[in-house]
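Atom set for the values below is all heavy atoms of this structure, side chains included, hydrogens, waters and symmetry mates excluded. The model shown is predicted, which means the values in this text are computed figures rather than measured ones.
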Amino acid sequence: MTSTPDFPPKLTPHDPRVLSKTTTINGKKYHYLFSAPPPPTGGDDASQPRGTVLLIHGWPDLSFGWRYQVPFLVSLGLRVIVPDLPGFGRSDSPAELTAYSLKSVTHDLLELVESEVPGGRQQIEKEGGILVGGHDWGGAVAWRFALWFPDLTRAVFSVCTPFWGPSVGEFVPLKQKVETVLPNFRYQLQLSGPEFEAEVKGEEKIRQFLSGIYGAQGPNGERMFTSEKGCLFETLPLMGKSPLLDEQEMDYYVKEVAGNDGGSMRGGLNWYRTSQVNYEEERELLKQLEKRGKNVNGEKIVEPPALFVLATRDKQLPPAMSKGMERFFEKKLMRREVEAGHWALWEQPVKVNQAIAEFLDGVLAKGDAKL
């Protein structure tokens with residue numbers, strides 16, 4: 001993305017514009033990036049940040065996945081907090097699957113933000129709540145954050161990941177979902193099993209895999225990953241350079257991913273092993289929704305203002321998945337589209353940032369007078 005006055009340069013690895021920090025929440029170490037507008041001079045309260053943004057990445061990604069968005073959001077006068085999720089980067093990779101559940105992580109992230117924002121929850125409430133954004137698994141976390149904590153969510157947005165509500169029926173295993181309603185999730189059967197974890201480990205294999213998942217091809221156009229089969233291990237050595245990351249960025253990703261769990265990607269893969277844990281824990285969420293007078297079958301259960309940015313060429317989260325999702329939202333859902341695949345944050349950063357800015361413009365205008 002070309003730098004302009006409206007779009008500051010993207011973050012670089014170890015960028016001085018962000019602080020790299022760690023904290024322990026509920027026994028888990030979280031690494032996160034933090035950035036904010038320059039502190040006010042002379043104690044002018046009007047110069048305080050206009051709000052707090054929590055950005056949540058997906059798989060296989062890091063907090064650095066929001067490198068195009070962080071400086072832009074800071075330029076809008078916002079403080080920005082971007083964690084490495086459990087199993088990724090410099091955050092812990094616990095053994096127990098409950099550490100990766102949507103309930104566990106949303107509650108952890110609320111505590112993380114409260115610990116970072118001066119004044120904690122009182123300041124967050126003064127701001128009208130947290131502006132929560134996500135991509136891929138991070139989108140699922142962002143949507144659930146808005147369900148668990150509607151009064152502490154000022155607004156919510158998701159890039160690529162549509163909303164789906166908590167299941168109200170019996171538990172349906174992933175394999176059955178793939179065979180019936182979600183064939184585009186067939187790759188998750190591989191990721192949730194032992195094969196990928198055993199095969200893709202160490203810096204060399206991880207570099208090959210990340211190159212392929214981030215758009216690289218072999219010399220004859222070979223692909224490394226498909227929605228139908230997952231990783232095609234035989235093509236890993238054929239992968240060239242990713243068109244989406246420069247050499248410095250790829251080196252950073254390889255070191256961060258391989259360094260998380262002794263060269264294993266186990267932690268991140270655990271997100272694909274949580275379907276039953278999430279189902280069981282969300283019985284409590286359904287009860288909370290009922291207490292708030294919500295229809296547990298899904299009508300208007302998302303209360304905060306919401307934006308969904310659809311990527312037209314996303315094969316893992318295809319446009320058809322978002323059909324009819326407007327019914328879940330109490331306020332009118334803002335929808336925008338970008339011509340991109342799954343890595344829309346990097347493929348179309350200007351258009352993604354423009355969509356986020358358009359959405360936040362209305363949200364922030366309503367809140368600025370209160371700060």
Side-chain angles (χ1 to χ4, degrees), residues 57-62 65 87-88 134-140 158-162 164 172-245 250 253-254 257-258 264-275 309-323 337-348:
H57 70 80
W59 183 92
D61 206 352
L62 304 164
F88 297 93
H135 170 254
D136 188 75
W137 270 109
S158 174
V159 180
C160 295
T161 312
W164 56 84
V172 179
L174 176 61
K175 191 173 190 305
Q176 187 176 337
K177 288 182 181 178
V178 166
E179 298 294 345
T180 53
V181 295
L182 289 172
N184 50 296
F185 278 7
R186 186 172 295 276
Y187 69 96
Q188 294 189 10
L189 296 174
Q190 183 197 64
L191 299 182
S192 62
E195 186 182 18
F196 182 95
E197 181 180 335
E199 187 71 28
V200 182
K201 57 172 56 176
E203 286 196 11
E204 182 181 6
K205 286 281 187 73
I206 287 174
R207 181 181 295 273
Q208 294 167 353
F209 171 73
L210 292 178
S211 296
I213 203 75
Y214 298 152
Q217 300 180 33
N220 297 309
E222 296 92 343
R223 296 286 184 180
M224 185 279 306
F225 194 91
T226 70
S227 296
E228 295 76 26
K229 295 183 178 180
C231 182
L232 307 176
F233 302 120
E234 67 275 11
T235 66
L236 282 170
L238 303 177
M239 291 299 103
K241 291 185 177 181
S242 165
L244 299 176
L245 283 77
M250 180 58 76
Y253 265 90
V254 171
V257 173
S264 168
M265 295 182 70
R266 174 193 60 85
L269 294 168
N270 277 343
W271 284 78
Y272 294 96
R273 299 163 177 159
T274 57
S275 57
V309 180
L310 180 149
T312 58
R313 293 184 280 104
D314 192 332
K315 294 181 180 178
Q316 284 71 49
L317 297 167
M321 283 189 69
S322 67
K323 185 178 180 180
E337 292 186 4
V338 294
E339 289 290 331
H342 186 66
W343 303 104
L345 295 177
W346 317 339
E347 292 178 51
Q348 293 282 7

Undergrad: Working to the nearest 0.5 angstrom, can you tell me the gap between E337 CD and T312 OG1?
TA: 7.0 Å

Undergrad: For the atom pair CZ (R186) and OG1 (T226), what is the distance rounded to the nearest 0.5 Å?
TA: 10.5 Å

Undergrad: If the plane angle is over 60° it's perpendicular, under 30° parallel, otherwise tilted; pick one for F225 and W59.
TA: tilted

Undergrad: To check you understand the geometry: which heavy-atom pair defines the closest contact between L191 and L269, and what is its length?
TA: O-CD2, 3.7 Å

Undergrad: What heavy-atom pair brings N184 and S227 nearest, and what distance separates the two atoms?
TA: O-CB, 3.8 Å

Undergrad: Going through the checks in order, is the side chain to side chain contact (heavy atoms under 4.5 Å, CB included) test met by F185 and K177?
TA: CA-CA 8 Å; F185 278 7; K177 288 182 181 178; over 6 Å; no

Undergrad: Side chain of R273, backbone of G193: donor and acceptor closer than 3.5 Å?
TA: yes

Undergrad: For a quick test of reading the model, state the closest non-hydrogen atom pair linking S158 to G139 and the distance between them.
TA: OG-CA, 3.6 Å

Undergrad: Which value, rounded to the nearest 0.5 Å, describes the distance between Q190 atom CD and L232 atom CG?
TA: 8.0 Å

Undergrad: Looking only at non-hydrogen atoms, find the nearest pair between P243 and Y214 and report the distance.
TA: CD-O, 3.5 Å

Undergrad: So, does E203 use its side chain to make a donor-acceptor pair with the main chain of A258 at under 3.5 Å?
TA: no

Undergrad: Heavy atoms only: give me the nearest H342-E347 pair and the separation to one decimal.
TA: N-OE2, 4.0 Å

Undergrad: Once you round to the nearest 0.5 Å, how far does NZ of K241 lie from CZ of R207?
TA: 10.0 Å

Undergrad: Would you find more than 12 non-hydrogen atoms of other residues, nucleotides or ligands less than 6.0 Å from E199 atom CD?
TA: yes

Undergrad: Are any side-chain N or O atoms of T235 and backbone N or O atoms of R223, one a donor and one an acceptor, separated by less than 3.5 Å?
TA: yes

Undergrad: Quick one: does any side-chain atom of D136 pair with a main-chain N or O of G138 as donor and acceptor, under 3.5 Å?
TA: no

Undergrad: Could you report the tightest heavy-atom contact between V200 and L236, atom names first, then the distance?
TA: CG2-CD1, 4.2 Å

Undergrad: Kindly compute the distance separating CD1 (I213) from CE (M239), expressed to the nearest 0.5 Å.
TA: 10.5 Å

Undergrad: Is S242 close to L210 at the side-chain level, that is, under 4.5 Å between some pair of heavy atoms?
TA: no

Undergrad: Rounded to the nearest 0.5 Å, what separation is found between the CD atom of E197 and the OH atom of Y272?
TA: 14.0 Å

Undergrad: Check each of W343, Y253, W137 against D61 using the side-chain hydrogen bond (donor to acceptor under 3.5 Å, both in side chains) test, and report the only one that passes.
TA: Y253

Undergrad: Under the criterion side-chain contact (heavy atoms from CB on, under 4.5 Å), which of L174, L182, V178 is the partner of Q188?
TA: L174

